[in-house]
Amino acid sequence: VALLKPAVGRRRSGLSSTYLVEMAARQAATPRSQLVASEFARSWTKSMPSFPKQRGGAACTVSATRQQRQQHACKGSLRQLAPAAGVVLPSEAELLWAVHSLYDDGLRPCSRMLRLRLVEHQASAPEPHRGSDLRNCVSDRLRSLCEACGRLRVEHADAGEWAALLVSRPACFIDVYSETDAYPEEMWSSMEVYLKKLAEGDEEHRTLPRGRYASAQALVARELPFLSGRSLGEVCHIVQVALSKRKLLGYIEGGIVPYACSTSMVK
């Protein structure tokens, strides 16, 4: 109505009602189209910020992808460290049992022998798979466990090893590497007779495991009369002397045999 007032004032006379109605309709149409246009403009303007949002979304997606890659790489690193983090260690009771048993055998409980004895103990336990896990136990971790035990003291040993000694028990060990032969000749004669018979028998029975410790265990398990009353440490030393000085035992590929069957004798 306000828009029509000026036009009606100027042209009141001589204007028909039909013309006024058409004029009002044309003027009323103008602001409506403008309104529609303005609404379209506003809607288009509102749609414009969606482009940077989409760009930002893409950037966020790239950033998220990078984070996923970093997390994947981190998980891969953790998997590589998992064996070190998940190393199986013996309990204090298992550790003390192993040290005492080596004392009983007259063997110095150095790090290598201690791990071996723990593996042997676990192989006969209800959970034998722990034996193989303990075989891979890192020497430094085992040493830290021994140092934390108040009943043990750790000292340096030869060849870069260390030994875990009992505080409350005197150390009396056999030097398995010694060349001193203080054993009676009767024992050596009986051993020589036994080894000659062994050489005449089947190859599987005459072949002992390779290594002084393993072959000494095999001889002790056979309950031979000439080794009766001997500790495992003494038998280890007897094997050493039989290999180096007495020439009663020799090496063959994969084991120790009577000297007559050894590689040295064949040559």
Side-chain angles (χ1 to χ4, degrees), residues 75 77-178 207-224 227-241 243 254-256:
K75 289 179 180 179
S77 300
L78 291 175
R79 282 194 294 269
Q80 292 176 355
L81 295 174
V87 168
V88 177
L89 291 175
S91 64
E92 184 174 322
E94 292 172 333
L95 185 63
L96 290 173
W97 176 89
V99 175
H100 274 286
S101 67
L102 289 172
Y103 266 71
D104 294 339
D105 290 336
L107 293 169
R108 187 177 182 83
C110 62
S111 56
R112 178 178 57 84
M113 290 301 304
L114 189 55
R115 285 200 304 274
L116 187 57
R117 183 55 55 91
L118 286 168
V119 170
E120 293 171 352
H121 175 59
Q122 286 301 325
S124 59
E127 298 180 1
H129 65 277
R130 288 196 68 226
S132 58
D133 294 335
L134 288 170
R135 186 185 298 274
N136 298 325
C137 177
V138 181
S139 178
D140 292 342
R141 292 178 181 269
L142 186 60
R143 177 170 183 165
S144 299
L145 186 63
C146 294
E147 291 174 342
C149 181
R151 300 181 185 181
L152 299 175
R153 60 182 177 88
V154 177
E155 66 177 27
H156 178 73
D158 296 334
E161 288 196 353
W162 51 269
L165 304 179
L166 291 166
V167 175
S168 59
R169 187 171 175 177
C172 184
F173 307 122
I174 304 296
D175 184 5
V176 298
Y177 299 102
S178 174
T207 304
L208 299 171
R210 193 173 186 86
R212 286 180 299 270
Y213 179 77
S215 59
Q217 283 183 315
L219 290 173
V220 170
R222 295 181 183 186
E223 299 180 351
L224 302 171
L227 295 179
S228 178
R230 300 287 180 183
S231 68
L232 182 60
E234 287 179 305
V235 179
C236 286
H237 184 226
I238 290 171
V239 171
Q240 169 65 25
V241 175
L243 284 166
I256 294 176

_Contacts of A214 that satisfy side chain to side chain contact (heavy atoms under 4.5 Å, CB included) - sequence neighbours left out_ = P209

*Gap separating the CD1 atom of I238 from the CG atom of L243, nearest 0.5 angstrom*: 12.0 Å

_Within the 4.5 Å heavy-atom criterion, are L152 and V167 side-chain neighbours or not?_
no

*Interatomic spacing from CG in L116 to OG in S111 - rounded to 0.5 Å*: 11.5 Å

*Identify, with sequence neighbours excluded, every residue that meets side chain to side chain contact (heavy atoms under 4.5 Å, CB included) alongside V154.*
R143, C146, E147, W162

*Yes or no on side-chain contact (heavy atoms from CB on, under 4.5 Å) for M113 and L107, after CA distance, side-chain angles and deciding distance?*
CA-CA 8 Å; M113 290 301 304; L107 293 169; 3.9 Å; yes

*salt bridge (Lys or Arg N to Asp or Glu O under 4.0 Å) partners for R230, two or more places apart*: E234

*asked:* R222: which residues meet the salt bridge (Lys or Arg N to Asp or Glu O under 4.0 Å) condition with it, sequence neighbours left out?
replied: none

*Using distance alone, with no hydrogens and no angle criterion, decide if S101 and R117 have a side-chain donor and acceptor under 3.5 Å apart.*
yes

_Set of residues satisfying side chain to side chain contact (heavy atoms under 4.5 Å, CB included) with respect to A216, sequence neighbours excluded_ = L232, V235, C236, V239

_Heavy-atom pair of closest approach, residues G255 and R210_ = O-NH1, 3.7 Å

_Heavy-atom side-chain proximity of L114 to L95 below 4.5 angstrom_ = yes

*Residues that D175 engages under salt bridge (Lys or Arg N to Asp or Glu O under 4.0 Å), provided they are two or more places apart*: none

*Going by the ring-ring contact (aromatic ring centres under 6.0 Å, His included) test, which pairs reach into residues 94-115, not counting sequence neighbours?*
W97-H121, Y103-F173

_Could you walk me through whether L142 and L118 satisfy the side-chain contact (heavy atoms from CB on, under 4.5 Å) test, starting with their C-alpha distance in whole Å, then the side-chain angles of each, then the deciding distance to 0.1 Å, before giving a yes or no?_
CA-CA 11 Å; L142 186 60; L118 286 168; 4.3 Å; yes

*Counterpart residues, salt bridge (Lys or Arg N to Asp or Glu O under 4.0 Å), relative to E161 (two or more places apart)*: R112

*Is the shortest heavy-atom distance from the side chain of I256 to the side chain of T207 under 4.5 Å?*
no

*Can you list the steps and then say if C149 with L96 is a side-chain contact (heavy atoms from CB on, under 4.5 Å)?*
CA-CA 9 Å; C149 181; L96 290 173; 4.0 Å; yes

*side-chain hydrogen bond (donor to acceptor under 3.5 Å, both in side chains) involving R153 - partner list, sequence neighbours excluded*: E155

*For S178, what residues pass the side-chain hydrogen bond (donor to acceptor under 3.5 Å, both in side chains) criterion, not counting sequence neighbours?*
T180

*Do Y177 and R212 touch side chain to side chain, with heavy atoms closer than 4.5 Å?*
yes

_Within the structure provided, determine whether L145 and P90 are in side-chain contact (heavy-atom separation under 4.5 Å)._
yes

